Peer 1: 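Take this structure, written in structure tokens, and hold onto it; I'll ask about it next.
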Number of protein chains: 2
Amino acid sequence: MNDDILKNTALKTTKSRLAILRILGKSSEPMTADDIYSLAVKEVNLSLSTTYRTLGTLAEKGILLKNMSQDGKTYYQINNRQHKHHLVCTLCNETVPIEDCPLTNLEENLIQKTGFVITGHSLEFSGICPRCTNNMRD
Amino acid sequence: MNDDILKNTALKTTKSRLAILRILGKSSEPMTADDIYSLAVKEVNLSLSTTYRTLGTLAEKGILLKNMSQDGKTYYQINNRQHKHHLVCTLCNETVPIEDCPLTNLEENLIQKTGFVITGHSLEFSGICPRCTNNMRD
DNA sequence: GTGGCTGCAAAACCTTTGCACACAA
DNA sequence: TTGTGTGCAAAGGTTTTGCAGCCAC
């Protein structure tokens, strides 16, 4: 399955790539290169640089979505055409997914106004989660 | 004026801080620490680390908005309560401001659903500008 | 005078890259 | 066999930090 994904893009099938796709496939949340690497080394021999290179290649091919978060790290997720945005607690990093993406209409609008070809968007909400709010009272 | 801003927040009035506020006040677009530093050194003696420290302090006090862009750099702008989002060309970095922020309604919704205190959001569109699209044809 | 502010240099942090070797096709 | 993929180590860019001295209050 992941094997097919690679074949369809003229990428060679390697243990590292399969492991990375497997890990991202299981995750319901976007992950950093380091997150992915930490899990992947348990399964196969690979280096952090390979992780970065693989993630970059897969994102270029459109297999992954790559997003810079407000925390300064880059997050990767499978591009399954039903992308999600998130609300992140600035204190404890608790993350809540947001189901609807309200931006589709706006994109149409922008295309007409600006003549840009729009290739993506990033949206992230910051806040403080209920637990941290309570902790502040202590 | 900028002097008042500082006094109101128990921050000392220094040449560096005034210069940074002056520069950001004149700019209609968000700027990076390095952008700001490059302009500020022409007016006053200051270091890049002071620039970072000042920007961080002012953002903490709510005087500036601080945003990590998809290009991996942090952008600062005056928080004048009428914030803007942007559409950025991934090839030439041309930037088009977006007038309306469509997220206010969604935020209300999120507060109720998640119990978070929402402190901000970041939104950025990526695309390719008409000029770069044309260049690709050459 | 005092505590906040600053410069400098060094470090931290995440990410990219050069090179030689390994492996999938 | 061939060229893509990889490990290692080193460098890259941006941002942070420790410490000693300086300056606004």
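First the proteins, then the strands, lettered A, B, ... as listed; each starts at 1. None of these values were measured; they are calculated from a predicted model. In what follows, every heavy atom counts, from backbone to side chain, and hydrogens, waters and symmetry copies are set aside.
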Peer 1: One character per nucleotide, please: for nucleotides 15-25 of chain D, 5' to 3', B when the base has a protein heavy atom closer than 4.0 Å, S when only the sugar-phosphate does, - otherwise.
Peer 2: BBBB-----BS
Peer 1: Nearest-Å distance, CG (A/L46) to P (C/dC23)?
Peer 2: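 Checked: the CG to P distance equals 14 Å.
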Peer 1: Rounded to whole Å, how long is the line connecting atom CZ of A/R17 with atom C1' of D/dT4?
Peer 2: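 After rounding, the gap between these two atoms is 8 Å.
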Peer 1: Can B/E43 and B/R22 be said to form a salt bridge (Lys or Arg N to Asp or Glu O under 4.0 Å), step by step?
Peer 2: CA-CA 11 Å; B/E43 306 184 10; B/R22 209 182 309 126; 2.2 Å; yes
Peer 1: In whole angstrom, give the distance that lies between atom CD1 of A/I20 and atom P of D/dG5.
Peer 2: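 A/I20 atom CD1 is separated from D/dG5 atom P by 12 Å.
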Peer 1: Taking five pairs at each end, how big is the angle between the two axes of the helix from C/dG1-D/dC25 to C/dA25-D/dT1, to 10°?
Peer 2: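 That helix has its two terminal axes inclined by roughly 40°.
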Peer 1: Kindly say if B/T54 contacts the phosphate of C/dT6, meaning a side-chain N or O under 4.0 Å from OP1 or OP2.
Peer 2: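 Answer is yes, contact under 4.0 Å.
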Peer 1: Going from CG on B/D35 to CD1 on B/I23, what distance comes out if it is rounded to the nearest 0.5 angstrom?
Peer 2: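 One finds 10.0 Å between CG of B/D35 and CD1 of B/I23.
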Peer 1: Please check the phosphate of C/dT6 (OP1 and OP2 only) for any side-chain N or O of B/T50 closer than 4.0 Å.
Peer 2: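 Result: no.
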Peer 1: Rounded to whole angstrom units, what separation is found between the CG atom of B/D35 and the C1' atom of D/dT14?
Peer 2: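 To the nearest whole Å, that distance equals 13 Å.
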Peer 1: For the residue pair A/S49 and A/S47, confirm or rule out a side-chain donor-acceptor distance under 3.5 Å.
Peer 2: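 On atom types as modelled, these side chains qualify, holding a pair under 3.5 Å.
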Peer 1: Might you confirm whether atom CG of B/N45 has over 12 heavy atoms from other residues, nucleotides or ligands at distances under 6.0 Å?
Peer 2: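 For B/N45, atom CG is not crowded (no more than 12 foreign heavy atoms under 6.0 Å).
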Peer 1: What is the distance from OH of A/Y37 to P of C/dC14, rounded to the nearest Å?
Peer 2: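 Answer to the nearest Å: 14 Å.
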Peer 1: Just call it for A/T57: base, sugar-phosphate, or nothing, with non-hydrogen atoms closer than 4.0 Å on any strand.
Peer 2: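 If one applies the 4.0 Å heavy-atom cut-off, A/T57 turns out to touch nothing in the nucleic acid.
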Peer 1: Given B/D34, which partner from the list B/L39, B/T51, B/L48 fulfils the side chain to side chain contact (heavy atoms under 4.5 Å, CB included) test?
Peer 2: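 For B/D34, the side chain to side chain contact (heavy atoms under 4.5 Å, CB included) test succeeds with only one of B/L39, B/T51, B/L48, which is B/L48.
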Peer 1: Apply side chain to side chain contact (heavy atoms under 4.5 Å, CB included) to residues B/L18 and B/V44 and explain how you reach the verdict.
Peer 2: CA-CA 10 Å; B/L18 290 174; B/V44 297; over 6 Å; no
Peer 1: Between CZ of A/R53 and CD1 of A/I20, what distance do you get to the nearest 0.5 Å?
Peer 2: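 Atom-to-atom, A/R53:CZ and A/I20:CD1 are 11.5 Å apart.
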Peer 1: Could you tell me how far apart A/N45 (CG) and D/dC8 (C1') are, to the nearest whole angstrom?
Peer 2: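 It works out to 14 Å between those atoms.
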Peer 1: Take the angle between the ring planes of B/F125 and A/H121 and call it parallel below 30°, perpendicular above 60°, tilted in between.
Peer 2: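 It falls in the perpendicular class, over 60°.
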Peer 1: For B/S69 and B/E124, does a side-chain donor sit closer than 3.5 Å to a side-chain acceptor?
Peer 2: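 The answer is yes; a qualifying pair exists.
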